[in-house]
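No hydrogens, no waters, no symmetry mates; every other heavy atom, side chains included, goes into these values. Whatever order the structure lists ligands and atoms in, that order sets their numbers, starting from 1.
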Amino acid sequence: MKTDSLEKGYSIAKQRYAEFGVDTDRALQRLRQVAISIHCWQGDDVGGFETDAGLTGGGILATGNYPGKARTPDELRSDAEMAFRLIPGSHRFNLHASYLETGGKSVERNQLQPAHFQGWIDWAKRLGIGIDFNSTFFSHPKAADGFTLSHRDDGIRRFWIEHAAACRKIGEAIGRGLGSACVTNVWIPDGMKDVTIDRKGPRELLKRSLDEIFAEPTDPACNLDAVECKLFGIGSETYVVGSHEFYLGYAIENRKLLCLDAGHFHPTETIADKISSVLLYLDEILLHVSRGIRWDSDHVVIMTDDLRAIAEEIVRGDFLQRVHIGLDFFDASIHRIAAWTIGTRSMLKALLAAMLEPTETLRELEIAGDYTARLAMVEALKELPAGAVWDYYCLQQNVPVGMAWMEAVRDYEASVTSKR
Ligand code: RNT
Ligand code: ZN
């Protein structure tokens, strides 16, 4: 599309929004401040660089066999840079501990050092972006029976405690190195497939393990700890040790970030409605924005009502400084750079739509009890040209407008990923 028609479209949109008292320039200014934490694991189907086996176990599953996934840290970095070029704004990259670089040496997970992530730190520094981090409690022989931090075997539990403690140190080094706090997340797969007699025991063990992991303080300017809850997983349908109640309590008592993953609740339960509740008790939270279809399937995020509701809650509550927005999906059936691009652009579009809302007016109608006008306005707003504002933002940010970015992905596929 031509620049002048994009500009014309924007100026019409600006007027339409102004009729509702919304300043589109201001909305774009706000959107520019948002850094989404883009997850490394969409780039290689949660494989990591420890072994050739890739993702095994842990109750998560990447399906599809689209050719050309990244096989090395350099390939993953190059793919991520490609995605960054197609996504407006400046964002973050979210690593798992299994994406280490050891120069071919095998290093156990409880022995991990910041040095094993120096390549990532240098790369992020060059791009001027922040990095977030995750301990990896799956795809490992010591996680093969489905228990890690709540394992009844002391030796295995100790191993995972040491792993998570090492990861916090790495998170701190990353945050210090990049001058931006690293959110280090803990998600464990621990749970039971079927009838569970002792629901209490593993939870007591998990609480003890977490207390040990977090015993040593880290600098909050460099590292922020998060804990991720879940209702069920593959092979843990009946019982998950780290449930919502478990981690909500833990996070409140220990001043940790709670991580809410959109796929980790009952299918009709949404994380949007949880944000304003948990932020009454917690300083900050982490989101794993995902799209579950019938179950925690981790489909690529698109502009669904659920996604819009998440963005609305963040913006309406003025929570942008307290909510770390991370993505968590992995689809191996489409081009992985396209998956990153579609998912991240959708997240940003949803935030923009929320920023373009005349929230005060709607709030006043609500307080006045005029629910008829509230509903009418919410519907009328959907007819406004948010797309023109988004297109203009892409133009401003120097990234392709509409689906023109697909051309870049196709070129890159022809010259790079299809050759792998
Ligand atoms: C799994 C959790 C977890 C993972 C990533 C890879 O159910 O959502 O966040 O998806 O850590
Ligand atoms: Zn998650």
Side-chain angles (χ1 to χ4, degrees), residues 36-50 54-63 69-70 76 92-100 109 131-140 143 146 148-149 160 163-164 167 170-171 182-191 225-237 239-244 246-247 251 257-267 269-271 274 285-301 306-307 310 323-332 336 339-340 343 347:
I36 306 289
S37 186
I38 301 174
H39 53 314
C40 70
W41 52 93
Q42 167 60 70
D44 74 333
D45 318 336
V46 210
F49 305 121
E50 264 178 337
L55 174 64
T56 56
I60 48 177
L61 184 66
T63 55
K69 75 170 174 195
L76 187 57
R92 306 172 63 83
F93 205 55
N94 192 8
L95 286 178
H96 243 282
S98 50
Y99 289 72
L100 74 182
R109 289 196 193 165
I131 283 186
D132 297 307
F133 201 61
N134 299 261
S135 324
T136 310
F137 295 95
F138 48 84
S139 302
H140 191 281
T148 61
L149 290 178
W160 289 114
H163 170 60
C167 286
I170 294 164
C182 169
V183 178
T184 302
N185 184 43
V186 166
W187 172 74
I188 59 166
D190 301 30
D225 300 306
V227 288
E228 181 175 0
C229 61
K230 187 162 179 165
L231 173 68
F232 72 96
I234 307 171
S236 61
E237 288 82 358
Y239 169 66
V240 167
V241 183
S243 62
H244 181 47
F246 177 92
Y247 278 127
L257 276 67
L258 180 70
C259 173
L260 296 171
D261 183 301
H264 286 193
F265 296 89
H266 286 280
E269 192 177 353
T270 72
I271 61 169
K274 300 181 188 302
I285 58 172
L286 168 65
L287 299 185
H288 272 186
V289 182
S290 193
R291 178 166 58 105
I293 296 203
R294 305 191 191 284
W295 68 292
D296 181 28
S297 60
D298 291 297
H299 278 68
V300 176
V301 165
D306 277 359
L307 181 69
I310 291 168
V323 177
H324 301 260
I325 306 172
L327 304 175
D328 186 6
F329 51 78
F330 30 101
D331 187 341
R336 294 167 184 83
W340 266 328
M347 182 74 243

*Taking all non-hydrogen atoms of both residues, which atom of F138 and which atom of A143 are closest, and how far apart?*
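Reported closest heavy-atom pair: CA-CB, 4.3 Å.
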*Of all the heavy-atom pairs spanning Q42 and F329, show the shortest one and how long it is.*
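The answer is OE1-CD1, 3.4 Å.
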*So what does the D328 OD2 - the Zn ion (ligand 2) - D261 OD2 angle come to, to 10°?*
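With the Zn ion (ligand 2) as the vertex, OD2 (D328) and OD2 (D261) sit 90° apart.
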*Residue shell around ligand 1, heavy atom under 4.0 angstrom*: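 Lining ligand 1: W41, I60, H96, W187, E228, K230, D261, H264, H288, D296, D328, F330.
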*So F133 and H96, ring pair (Phe, Tyr, Trp, His ring centres under 6.0 Å) or not? Walk me through it.*
CA-CA 6 Å; F133 201 61; H96 243 282; 8.0 Å; no
*Could you check whether the rings of Y99 and F49 sit parallel, tilted or perpendicular, using 30° and 60° as the cut-offs?*
perpendicular
*Can a cation-pi geometry be assigned to K230 and F246, taking NZ or CZ under 6.0 Å from the six-membered ring centre and within 45° of the ring axis?*
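No, K230 does not lie over the aromatic ring of F246.
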*asked:* Taking backbone and side chain together, does C259 place any N/O/S atom at a distance below 2.8 Å from the Zn ion (ligand 2)?
replied: no
*Output all residues satisfying salt bridge (Lys or Arg N to Asp or Glu O under 4.0 Å) with D45, sequence neighbours left out; order by chain, then residue number.*
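Checked D45 against salt bridge (Lys or Arg N to Asp or Glu O under 4.0 Å); matches are R336.
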_SB check D132 R92 (cutoff 4.0 Å)_ =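 Here D132 pairs with R92 in a salt bridge, since their nearest N and O are under 4.0 Å apart.
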*asked:* Restricting to N, O or S, what is the name of the atom of E228 that lies nearest the Zn ion (ligand 2)?
replied: OE2
*So which N/O/S atom does H288 have closest to the Zn ion (ligand 2)?*
ND1
_Side chain to side chain, I310 and I271, heavy atoms closer than 4.5 Å_ =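 The answer is yes; the side chains approach within 4.5 Å.
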